[in-house]
Amino acid sequence: QLQLVESGGGLVQPGGSLRLSCEAPAFTLGLYAIGWFRQAPGKEREGVSCINNNGRSANYLGSVKGRFTISRDNAKGTVYLQMDNLKPEDTGIYYCAARSSYFCATTMSLDRYDYWGQGTQVNVSS
């Protein structure tokens with residue numbers, strides 16, 4: 001059983017930045033690919049980014065490419081999502097999730113991830 005805890009959400013103006021963190025036990029984190037998902041009000045949860053177990057490969061939702069950066073520090077037990085140039089449509093609850101694989105899947109279907117954090121709220125508004 002892998003427990004994940006997100007933090008770093010908050011209220012930010014358009015064009016601003018936030019860095020989200022996802023914490024897990026350091027001695028096991030390196031076994032998992034980690035994804036970030038978000039869910040806006042009235043919308044389905046969607047995949048934002050995924051990083052493979054060793055941090056050498058990552059992918060992104062098209063609308064966040066060039067603005068968001070996923071990274072990880074397995075020794076610290078943390079995965080990050082750096083979000084720059086935030087837009088109102090980035091608003092939502094952000095979740096990190098672990099997949100029981102070293103590798104990200106070709107699609108970020110929810111059922112391909114086995115462990116989920118509780119979420120952290122991101123509000124982008126002027």
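If you read the sequence from its start, that first residue is 1, and numbering goes on from there. This one's a predicted model, so the numbers in the text were calculated from it and none came from an experiment.
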Interatomic spacing from [atom1] in [X] to [atom2] in [Y] - rounded to 0.5 Å:
| X | Y | atom1 | atom2 | result |
| --- | --- | --- | --- | --- |
| F68 | N85 | CZ | CG | 9.0 Å |
| D84 | R19 | CG | CZ | 11.5 Å |
| S7 | E23 | OG | CD | 5.5 Å |
| N52 | R99 | CG | CZ | 11.5 Å |
| L29 | R72 | CG | CZ | 4.5 Å |
| L2 | I34 | CG | CD1 | 6.5 Å |

Quick one: do [X] and [Y] end up in the same hydrophobic cluster if we chain Ile, Leu, Val, Met, Phe, Trp and Tyr together by side-chain heavy atoms under 4.5 Å apart?
| X | Y | result |
| --- | --- | --- |
| L31 | F103 | yes |
| W116 | V79 | no |
| L110 | Y32 | no |
| W36 | Y60 | yes |
| V64 | L81 | yes |

Would you check if M83 and V12 make a side-chain contact, meaning some heavy-atom pair closer than 4.5 Å?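 Not in contact.
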
Under 4.5 Å between any side-chain heavy atoms of L61 and M108, yes or no?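 Of all side-chain heavy-atom pairs linking M108 with L61, none is under 4.5 Å.
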
Kindly give the heavy-atom pair with the smallest separation between [X] and [Y], and that separation in Å.
| X | Y | result |
| --- | --- | --- |
| G119 | E6 | N-OE1, 2.9 Å |
| S71 | I51 | CA-CD1, 3.6 Å |
| S126 | P14 | N-CD, 3.6 Å |

Indicate yes or no for a side-chain donor-acceptor contact from [X] to the backbone of [Y] under 3.5 Å, with no hydrogens or angles considered.
| X | Y | result |
| --- | --- | --- |
| Q118 | V5 | no |
| S49 | N59 | yes |
| N74 | N54 | no |

According to disulfide (SG to SG under 2.5 Å), does anything in residues 41-84 pair up with another residue at least two apart or in another chain? List the pairs. C50-C104

Going by atom types only, do D111 and S109 share a side-chain donor-acceptor pair under 3.5 Å? yes

Please set out all donor-acceptor pairs under 3.5 angstrom arising from side-chain atoms of residues 90-97, sequence neighbours excluded.
unit_1 : atom_1 : unit_2 : atom_2 : d
D90    : OD1    : R38    : NH1    : 2.8
D90    : OD1    : R67    : NH2    : 3.1
D90    : OD2    : R67    : NH1    : 2.7
D90    : OD2    : R67    : NH2    : 3.4
D90    : OD2    : K87    : N      : 2.8
T91    : OG1    : P88    : O      : 2.9
T91    : OG1    : V124   : N      : 2.9
T91    : OG1    : V124   : O      : 3.4
Y94    : OH     : R38    : NH1    : 3.0
Y94    : OH     : D90    : O      : 2.6
Y95    : OH     : R45    : NH2    : 3.4

Take S125 and N123 through the test side chain to side chain contact (heavy atoms under 4.5 Å, CB included) and record every step on the way to the result. CA-CA 6 Å; S125 176; N123 289 310; 5.6 Å; no

Should we count CD of Q3 as having more than 12 external heavy atoms under 6.0 Å? no

